Amino acid sequence: MKSPKKILVIHGPNLHLLGRRNPSVYGRTTLNAVNQALRQRAKELKVTLTILQSNHEGEIVDAIGASHSRYDGILINPAAYTHTSVAIRDALESAALPAVEVHLSNIHARESFRQQSLMAPVVSGQVSGFGAHSYLLGLEALHGLLTNSGHKR
Ligand code: DQA
């Protein structure tokens with residue numbers, strides 16, 4: 001039997017506040033509820049998840065840096081670091097694992113400083129604008145990349 005694919009899920013800064021942080025933008029679903037939904041879907045897809053939330057750029061860089069031999073793919077909402085962190089971008093590029101970037105809000109329809117993602121060029125793809133459901137769509141997309149052989153990245 002093949003061993004289940006292992007996915008590292010990273011929630012960036014301030015996402016621990018989900019549910020009470022700008023609910024008109026990010027919705028009322030808490031991070032716990034997001035993680036529960038992810039774990040449920042992961043079970044159905046027969047993948048395993050390790051979930052990290054961090055407000056610290058270096059901690060996220062370390063987790064991605066250690067991911068290459070431990071995980072098959074990365075699901076990441078880099079939150080505000082999406083728009084600022086060359087370090088996280090470089091870590092994702094170096095990890096060279098399939099990675100899907102997710103955002104609750106549609107970053108392309110928001111303030112101009114949010115419209116650029118430094119991550120976009122180094123991830124496999126991006127899901128943005130579907131609230132908490134973005135995470136499930138992202139997980140499905142990543143699962144597809146990990147199970148359809150032949151896709152590079
Ligand atoms: C976010 C969008 C970012 O611009 C913002 O800084 C966040 C959350 C989103 O999920 O919509 O913290 O990544």
Side-chain angles (χ1 to χ4, degrees), residues 5-45 47-68 71-146 153:
K5 299 286 184 192
K6 298 193 210 74
I7 293 174
L8 174 63
V9 178
I10 300 175
H11 303 286
N14 300 309
L15 292 172
H16 62 302
L17 301 174
L18 275 187
R20 57 196 168 91
R21 172 189 179 203
N22 298 8
S24 60
V25 176
Y26 298 119
R28 295 206 175 269
T29 310
T30 63
L31 188 62
N32 265 344
V34 169
N35 288 338
Q36 254 177 34
L38 280 172
R39 289 196 191 285
Q40 173 60 39
R41 191 67 190 115
K43 220 185 215 175
E44 292 159 8
L45 295 170
V47 296
T48 66
L49 301 185
T50 299
I51 301 178
L52 166 75
Q53 189 278 324
S54 177
N55 296 323
H56 304 280
E57 186 176 23
E59 194 178 350
I60 295 172
V61 170
D62 285 346
I64 297 169
S67 66
H68 186 78
Y71 300 99
D72 300 296
I74 299 175
L75 183 68
I76 182 166
N77 182 348
Y81 288 139
T82 305
H83 321 294
T84 62
S85 180
V86 175
I88 293 176
R89 179 214 185 277
D90 286 354
L92 284 169
E93 188 176 42
S94 306
L97 290 173
V100 174
E101 173 187 353
V102 301
H103 299 283
L104 299 127
S105 62
N106 178 357
I107 59 170
H108 304 287
R110 298 187 61 194
E111 302 98 317
S112 56
F113 69 88
R114 293 188 204 274
Q115 291 175 14
Q116 192 194 8
S117 165
L118 299 187
M119 312 300 141
V122 299
V123 294
S124 308
Q126 187 189 72
V127 180
S128 181
F130 300 95
H133 195 56
S134 289
Y135 281 97
L136 295 178
L137 294 171
L139 180 61
E140 307 261 351
L142 186 54
H143 176 258
L145 292 177
L146 297 180
R153 225 188 186 290

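When a ligand or atom number is given, it counts from 1 through the structure's own listing order. Along the sequence shown, the residues carry numbers beginning at 1. Computed from a predicted model, the values in this text were never measured in an experiment.
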**Prompt:** Any N or O of R114 that comes nearer than 3.5 Å to an N or O of ligand 1?
**Reply:** yes

**Prompt:** Is it true that the side chains of E44 and H143 contain a donor and an acceptor less than 3.5 Å apart?
**Reply:** no

**Item:** Main-chain N/O of H103 paired to N77 side chain as donor or acceptor, under 3.5 Å
**Value:** no

**Message:** Taking 4.0 Å as the limit for heavy-atom contacts, which would you say applies to N77 with ligand 1: side chain only, backbone only, both, or neither?
**Reply:** side chain

**Request:** Using modelled atom types only, decide if a donor and an acceptor are shared between the side chain of H83 and the backbone of S117 within a distance under 3.5 Å.
**Result:** no

**Asked** To which protein heavy atom is atom 1 (C) of ligand 1 closest, and what is the distance rounded to 0.1 Å?
**Response** H103 ND1, 3.7 Å

**Message:** Quick check against the 3.5 Å criterion: does Y81 have a side-chain atom that pairs as donor or acceptor with the backbone of E57?
**Reply:** yes

**Prompt:** Mind checking whether T82 has an N or O less than 3.5 Å away from an N or O of ligand 1?
**Reply:** no

**Complete:** closest protein heavy atom to atom 4 (O) of ligand 1 is H83 NE2, 2.6 Å

**Prompt:** Any idea which protein heavy atom is nearest atom 9 (C) of ligand 1, and the distance to it?
**Reply:** L104 N, 3.4 Å

**Over all atoms of both residues, closest heavy-atom pair of L31 and L18** = N-CB, 3.8 Å

**Message:** Whether the E101 and T82 side chains hold a donor-acceptor pair (N or O, under 3.5 Å, no angle test) is what I'd like checked.
**Reply:** no

**Fill in**
With heavy atoms and a 4.0 Å threshold, my read on which part of E111 contacts ligand 1 is neither

**Request:** Please say whether A80 places an N or O atom under 3.5 Å from an N or O atom belonging to ligand 1.
**Result:** yes

**Asked** If you measure every N/O of V102 against every N/O of ligand 1, is any gap under 3.5 Å?
**Response** no

**Fill in**
For atom 11 (O) of ligand 1, the closest protein heavy atom turns out to be S105 OG, 2.5 Å

**Message:** For a 4.5 angstrom cut-off between non-hydrogen side-chain atoms, does I7 reach T48?
**Reply:** no

**Request:** Kindly identify the option in Y26, F130, Y81 whose heavy atom sits closest to atom 7 (C) of ligand 1.
**Result:** Y26

**Item:** ligand 1 contacted by R21 (non-hydrogen, < 4.0 Å)
**Value:** yes

**Item:** Under 3.5 Å donor-acceptor, Q115 side chain and I107 backbone
**Value:** no

